[in-house]
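All heavy atoms count here, side chains included; hydrogens, waters and symmetry mates do not.
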Amino acid sequence: MAGVWWFGLVSVGMLAAVLKTQRGRAFFRLMHRKVFAYFLSRMVKKYNERMSSFKEKLFEDMKTQKSAVARNLRVLEIGVGAGANFKFYPPGTHIIAVDPNQEFDKYLKKNAEDFGDIVLQQFVIAPGENMAAVPDESVDAVVCTLVMCNVSDQVKVISEVKRVLKPRGKLYYLEHVRAPPNTWLYSLQNWIDPVWYYVSDGCTFRSEVFKHLDAAGFSQVNYQLFEAPVASLSSGFAIVKFHLMGTATK
């Protein structure tokens with residue numbers, strides 16, 4: 001046991017030394033992006049196994065859009081990651097993938113090849129708060145799944161969504177959110193969140209994105225709060241079991 005503690009102390013000391021220099025911090029950020037992309041690309045496969053029926057229900061409406069029927073639907077996906085949602089899109093969908101982590105590029109291309117009925121049109125390396133590379137009113141739909149917990153400004157992201165959507169275009173979202181007040185999970189999220197933020201690429205357990213959606217000025221907002229069947233993946237996933245799913249129409 002003493003050896004384990006000694007190894008841990010040495011590791012922390014080495015990390016602290018690396019982070020003291022600008023070059024060291026740059027190297028750490030690069031490695032963090034690579035490792036995060038690698039593990040997330042694998043984790044979402046397990047998540048999709050549990051959440052497949054919910055995603056199919058969410059995206060069912062997308063298949064009825066006129067552009068989807070004509071096989072030229074243009075979808076912008078924020079925080080696209082490895083492209084876990086590609087399998088749920090209608091055939092012929094053209095995707096503009098947006099993510100601040102450029103290390104997802106190879107995973108995106110692989111998923112685009114696996115689901116040959118969709119077209120990966122563009123990969124924009126940018127945060128959801130600033131999608132200046134995407135023209136106004138240029139996409140039929142925006143997709144956002146397990147992303148709003150990581151952004152620095154949810155209001156700004158939603159504003160960008162409204163900007164790039166065509167009139168009557170839709171935002172499709174599926175997010176883990178804060179547990180209901182006066183529950184043990186609500187208290188646990190409050191206790192863990194300050195630490196979790198720094199070890200999970202900025203994720204928060206306390207997202208309340210529905211408040212911002214309601215106030216954003218969409219012509220119609222629909223959503224449902226439910227308990228996702230993610231605890232079976234690992235007991236730790238129970239902390240994010242409360243999910244919000246729905247659409248918002250411009």
Side-chain angles (χ1 to χ4, degrees), residues 51 54-81 83-100 108 111-112 115 117-177 207-226 243-250:
M51 298 296 293
F54 293 95
K55 286 192 173 185
E56 287 173 358
K57 180 180 178 181
L58 174 65
F59 295 125
E60 182 178 6
D61 170 81
M62 185 184 288
K63 298 174 183 177
T64 66
Q65 291 198 28
K66 291 183 179 179
S67 297
V69 175
R71 296 179 65 92
N72 62 0
L73 183 74
R74 287 173 54 85
V75 172
L76 182 149
E77 183 169 350
I78 301 173
V80 66
N85 291 323
F86 288 1
K87 64 183 291 185
F88 301 101
Y89 293 156
T93 298
H94 288 64
I95 300 170
I96 299 173
V98 177
D99 201 290
L108 278 173
N111 266 336
F115 303 101
D117 284 339
I118 61 98
V119 178
L120 181 57
Q121 180 176 324
Q122 185 181 4
F123 182 26
V124 179
I125 302 171
E129 294 90 338
N130 182 14
M131 299 186 291
V134 184
D136 295 358
E137 299 187 350
S138 60
V139 298
D140 302 294
V142 174
V143 172
C144 191
T145 62
L146 301 184
V147 172
M148 297 300 275
C149 59
N150 278 82
V151 303
S152 60
D153 190 334
Q154 292 184 350
V155 173
K156 196 166 185 179
V157 172
I158 294 172
S159 176
E160 279 288 86
V161 168
K162 290 187 66 180
R163 179 183 67 79
V164 301
L165 276 174
K166 296 178 182 178
R168 301 301 297 171
K170 284 188 177 183
L171 166 65
Y172 297 80
Y173 54 90
L174 174 66
E175 300 286 340
H176 73 77
V177 293
S207 171
E208 294 181 316
V209 63
F210 49 88
K211 293 182 178 179
H212 303 308
L213 288 168
D214 285 336
F218 286 101
S219 64
Q220 186 175 8
V221 178
N222 299 304
Y223 53 70
Q224 65 177 107
L225 179 68
F226 65 98
H243 279 47
L244 190 80
M245 179 177 81
T247 62
T249 305
K250 183 174 177 179

Quick one: are Val139 and Leu165 in side-chain contact, heavy atoms under 4.5 Å?
yes
Where do Ala141 and Tyr172 come nearest, in terms of heavy atoms and distance?
CB-CE1, 3.7 Å
Measure the spacing between CG of Asn85 and CG of Leu146 and express it to the nearest 0.5 Å.
8.5 Å
Decide yes or no for Met131 and Leu76: does some side-chain heavy atom of the first lie under 4.5 Å from some side-chain heavy atom of the second?
yes
Would you check, one step at a time, whether the test side-chain contact (heavy atoms from CB on, under 4.5 Å) holds for Lys250 with Val161?
CA-CA 9 Å; Lys250 183 174 177 179; Val161 168; over 6 Å; no
Considering non-hydrogen atoms only, spot the tightest contact between Val143 and Thr145 and give its length.
CG1-CG2, 4.1 Å
Which pair of non-hydrogen atoms, one from Ala112 and one from Ile118, has the smallest distance, and what is that distance?
CA-CD1, 4.1 Å
Quick one: which of Lys63, Met62, His94 gives a side-chain contact (heavy atoms from CB on, under 4.5 Å) with Leu73?
Met62
Quick one: OG1 on Thr249 to NZ on Lys162, what's the gap to the nearest 0.5 Å?
11.5 Å
Under the side-chain contact (heavy atoms from CB on, under 4.5 Å) criterion, do Tyr173 and Val209 qualify, and how do the steps go?
CA-CA 10 Å; Tyr173 54 90; Val209 63; 5.6 Å; no
Pair Gln154, Ser207 - check side-chain hydrogen bond (donor to acceptor under 3.5 Å, both in side chains), show working.
CA-CA 9 Å; Gln154 292 184 350; Ser207 171; 3.0 Å; yes
Scan Arg74, Arg168, Lys166, Lys170 and name whichever one has a side-chain hydrogen bond (donor to acceptor under 3.5 Å, both in side chains) with Asp140.
Lys166
Glu137 atom CD: more than 12 heavy-atom contacts under 6.0 Å:
yes
Could you state the interatomic distance from CG (Asp117) to OG1 (Thr93), rounded to the nearest 0.5 Å?
9.0 Å
Decide yes or no on side-chain contact (heavy atoms from CB on, under 4.5 Å) for Met148 and His212, but give the supporting numbers first.
CA-CA 11 Å; Met148 297 300 275; His212 303 308; over 6 Å; no
Under 4.0 Å between a side-chain nitrogen and a carboxylate oxygen: does that hold for Glu160 and Arg163?
yes
Looking only at atom types and distance, does a side-chain atom of Glu129 sit under 3.5 Å from a main-chain N or O of Ser152, one as donor and one as acceptor?
yes
Check against side-chain contact (heavy atoms from CB on, under 4.5 Å), Val221 and Phe210
CA-CA 9 Å; Val221 178; Phe210 49 88; over 6 Å; no
Rounded distance [0.5 Å steps], CG in Asp153 versus OG in Ser159:
9.0 Å
Once rounded to the nearest 0.5 Å, what's the spacing between atom CD of Glu208 and atom CG of Leu244?
11.0 Å
Rounded to the nearest 0.5 angstrom, the CZ-CZ distance for Phe54 and Phe88 is 12.0 Å
Exercise: identify the closest heavy-atom pair between Asp99 and Gly81
OD2-N, 3.0 Å
Search all heavy atoms of Phe218 against all heavy atoms of Leu213 and return the closest pair with its distance.
CD1-O, 4.0 Å
To check you understand the geometry: which heavy-atom pair defines the closest contact between Val80 and Ala97, and what is its length?
CG1-CB, 3.6 Å
Once the angle between the rings of Tyr89 and Phe59 is folded into 0 to 90°, is it parallel (under 30°), tilted (30 to 60°) or perpendicular (over 60°)?
perpendicular
Could you tell me whether the side chain of Glu175 and the main chain of Val147 form a donor-acceptor pair under 3.5 Å?
yes
